[in-house]
Engineer: 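Structure incoming, see below.
A quick note: this is a predicted structure, and the numbers were derived from the prediction, not measured. We number each residue from 1, following the sequence as shown.
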Amino acid sequence: MDNNDYVKVLGVRFDALEGLTVVADSNVKDLEAAGRYAAEHDDGTAIWISVPCRCDICRIFSKPNERREDSIE
């Protein structure tokens, strides 16, 4: 994983009356840290989901493409 990679960790609980509830939410650096986070916050009733993600800051803050003359409207 490089500097732009991280792992989104979610702890969710399902209840027949309340439905799905998020009980923990965090971003960590790698899958090992995700496992440690889940172990530290586990109460025995949560389902843990780990999703590898990537964030490129330059794309988020870049200016949108200027309108081109040949664009179709």
Engineer: Please identify which of these residues, Ser50, Cys53, Pro52, Ser26, meets the side-chain contact (heavy atoms from CB on, under 4.5 Å) condition with Lys8.
Structural biologist: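 It is Cys53, the one option of Ser50, Cys53, Pro52, Ser26 that forms the side-chain contact (heavy atoms from CB on, under 4.5 Å) with Lys8.
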Engineer: Which distance, rounded to the nearest 0.5 Å, do you find between the CZ of Phe14 and the OG1 of Thr21?
Structural biologist: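 If we round to the nearest 0.5 Å, Phe14:CZ and Thr21:OG1 are 9.5 Å apart.
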Engineer: Nearest 0.5 Å, what's the OG1-CG distance between Thr45 and Asp43?
Structural biologist: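 One gets 3.5 Å once the value is rounded to the nearest 0.5 Å.
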Engineer: Side chain to side chain contact (heavy atoms under 4.5 Å, CB included) between Val7 and Val51: does it pass, once the steps are laid out?
Structural biologist: CA-CA 5 Å; Val7 177; Val51 181; 6.0 Å; no
Engineer: Please give me the minimum heavy-atom distance between Tyr6 and Asn27, naming the atom from each residue.
Structural biologist: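 Closest pair (atom of Tyr6, atom of Asn27, distance): CE1-OD1, 3.6 Å.
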Engineer: Do the non-hydrogen side-chain atoms of Val9 and Asp25 ever get within less than 4.5 Å of each other?
Structural biologist: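 SC-SC contact between Val9 and Asp25 ruled out.
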Engineer: Taking Lys29 first and then Asp5, would you say they form a salt bridge - that is, a charged N and a carboxylate O separated by under 4.0 Å?
Structural biologist: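 No, Lys29 and Asp5 are not salt-bridged.
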Engineer: Transitively linked via ILVMFWY side-chain contacts under 4.5 Å: Ile47 with Val23?
Structural biologist: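 Ile47 does not cluster with Val23.
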Engineer: Can you tell me how far CG of Asp30 sits from CZ of Arg36, rounded to the nearest 0.5 angstrom?
Structural biologist: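 Going from the CZ atom of Arg36 to the CG atom of Asp30 covers 6.5 Å.
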Engineer: How far apart are the C-alpha atoms of Trp48 and Leu10, what are their side-chain angles, what is the distance that settles it, and do they pass the side chain to side chain contact (heavy atoms under 4.5 Å, CB included) test?
Structural biologist: CA-CA 6 Å; Trp48 292 94; Leu10 291 172; over 6 Å; no
